[in-house]
Amino acid sequence: MVAKHLRGRDITDERVLAAMERVPREVFVPDDLRRRAYADAALPIGSGQTISQPYMVARICEELGLDGDERVLDVGTGSGYQAAVLAELGAEVHSIERIPELAEQARRNLLAAGAHTVTVHVGDGSRGLPEHAPFDAIAVAAAAPELPQGLYDQLTQGGRLVVPIGARSDQRLEVIVRRTEGAAVLRSVPCRFVPLLGEGGFEA
Ligand code: SAH
């Protein structure tokens, strides 16, 4: 997966490639889909949700440019896979999921994968996680109609937020850097994520 779908495309950050090599994706997919765990595809995980495509997980991690000492917020825990990869790259990871059953399953998956530095919360992650803010990096694995202001406000100065922005059906991954003079927005690749539902996202 790493050689073909990540290095073989345009992922070049060696820390990200090594992290993706270390996290066993098969732990995060349902048993009957395990043989497809290393395909470059999003796969169903129940409750109408999907585990993100490995390329998009790598792209998001690369855009965040983590050094290893950051506090990271992961919005849309899903299976917990992205959180596990972020845990390999940053110091402390808080992940938030709106569907309690998925959050519970993700906790089990993260334990099974040995990712002990991730805390999974249940709630509306489009509002961020004020009690643990500020964050050096925020990764959003669900699509928002516009920049969720609450998430931007919970970034440290120089902190980075990666979020798919656009319509429900297709988006572009945006990289937003918090600067004293205001937000710097860089556009990245076209993408297709499930909608972020809630206050800073689409209507549930
Ligand atoms: N990063 C996950 C991808 C899961 S798909 C993985 O690697 O498996 C996106 C997830 O975002 C879904 O589980 C969905 O329920 C969740 N989600 C959507 N809106 C949300 C919100 N406002 N707060 C928290 N989670 C949300």
Side-chain angles (χ1 to χ4, degrees), residues 1-2 4-6 11 15-64 66 68 70-126 128-129 131-132 135 137-143 162-164 173 191-198 201:
M1 177 187 89
V2 169
K4 187 172 166 196
H5 303 305
L6 306 183
I11 306 296
R15 283 193 83 233
V16 172
L17 293 163
M20 302 259 323
E21 235 153 39
R22 282 196 297 271
V23 178
R25 192 167 182 257
E26 79 268 11
V27 169
F28 297 87
V29 303
D31 287 347
D32 57 333
L33 293 174
R34 244 162 225 178
R35 64 192 163 77
R36 296 183 60 203
Y38 296 101
D40 191 31
L43 298 169
I45 54 169
S47 306
Q49 306 303 323
T50 52
I51 177 173
S52 305
Q53 180 194 351
Y55 175 77
M56 291 312 308
V57 173
R59 179 89 269 149
I60 289 173
C61 289
E62 192 165 89
E63 302 289 4
L64 288 175
L66 300 170
E70 294 87 355
R71 182 189 304 190
V72 184
L73 176 65
D74 172 53
V75 177
T77 315
S79 67
Y81 179 64
Q82 165 105 60
V85 177
L86 289 168
E88 292 282 332
L89 294 165
E92 182 186 334
V93 178
H94 291 275
S95 186
I96 180 161
E97 170 59 52
R98 63 185 284 275
I99 302 175
E101 294 76 19
L102 286 181
E104 198 39 55
Q105 180 63 52
R107 287 190 187 106
R108 285 196 292 271
N109 293 345
L110 287 159
L111 270 182
H116 301 296
T117 55
V118 181
T119 309
V120 177
H121 307 259
V122 175
D124 179 5
S126 72
L129 196 58
E131 57 277 34
H132 293 281
F135 298 97
I138 303 180
V140 186
V162 180
V163 53
L173 196 66
C191 57
R192 194 167 171 186
F193 281 82
V194 298
L196 180 74
L197 302 176

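Each residue takes its place number in the sequence, starting with 1.
- Residues satisfying the side-chain hydrogen bond (donor to acceptor under 3.5 Å, both in side chains) criterion with Glu104, sequence neighbours excluded, are Arg107.
- Applying the ring pair (Phe, Tyr, Trp, His ring centres under 6.0 Å) test to residues at least two apart or on different chains, none of the pairs has a partner in residues 98-119.
- Qualifying side-chain hydrogen bond (donor to acceptor under 3.5 Å, both in side chains) partners for Asp31, counting only residues two or more places apart in sequence or in other chains: Arg34.
- Under the 3.5 Å distance criterion, the side-chain polar atoms of Glu21 are left unmatched by any main-chain donor or acceptor of Ala19.
- The salt bridge (Lys or Arg N to Asp or Glu O under 4.0 Å) test applied to Arg98 returns no partner, not counting sequence neighbours.
- Within the structure, ring pair (Phe, Tyr, Trp, His ring centres under 6.0 Å) pairs that include any residue of residues 31-50 do not occur (at least two apart or interchain).
- Listed by chain and number, the residues in a side-chain hydrogen bond (donor to acceptor under 3.5 Å, both in side chains) with His132 amount to none (sequence neighbours excluded).
- With hydrogens and angles disregarded, a donor-acceptor distance shorter than 3.5 Å links the side chain of Asp40 to the backbone of Tyr55.
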N/O donor to acceptor pairs below 3.5 angstrom from side-chain atoms of residues 75-91, sequence neighbours left out:
{"residue": "Thr77", "atom": "OG1", "partner": "Ser95", "partner atom": "OG", "Å": "2.8"}
{"residue": "Thr77", "atom": "OG1", "partner": "Ile96", "partner atom": "N", "Å": "3.3"}
{"residue": "Thr77", "atom": "OG1", "partner": "Ile96", "partner atom": "O", "Å": "3.4"}
{"residue": "Thr77", "atom": "OG1", "partner": "Glu97", "partner atom": "N", "Å": "3.4"}
{"residue": "Ser79", "atom": "OG", "partner": "Tyr81", "partner atom": "N", "Å": "3.2"}
{"residue": "Glu88", "atom": "OE1", "partner": "Arg22", "partner atom": "NE", "Å": "2.5"}
{"residue": "Glu88", "atom": "OE1", "partner": "Arg22", "partner atom": "NH2", "Å": "3.0"}

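- Residue pairs meeting the salt bridge (Lys or Arg N to Asp or Glu O under 4.0 Å) criterion with at least one partner in residues 42-59, sequence neighbours excluded, are Asp10-Arg59, Arg59-Glu62, Arg59-Glu63.
- Residues that satisfy the side chain to side chain contact (heavy atoms under 4.5 Å, CB included) test with Leu33, not counting sequence neighbours, are Pro30, Leu43, Pro44.
- Residues passing the side-chain hydrogen bond (donor to acceptor under 3.5 Å, both in side chains) test with Arg108, sequence neighbours excluded: Gln105.
- Under the rule for a salt bridge (Lys or Arg N to Asp or Glu O under 4.0 Å), Arg25 has no partner lying at least two apart in sequence or in another chain.
- For Glu92, the salt bridge (Lys or Arg N to Asp or Glu O under 4.0 Å) criterion is met by Arg71, not counting sequence neighbours.
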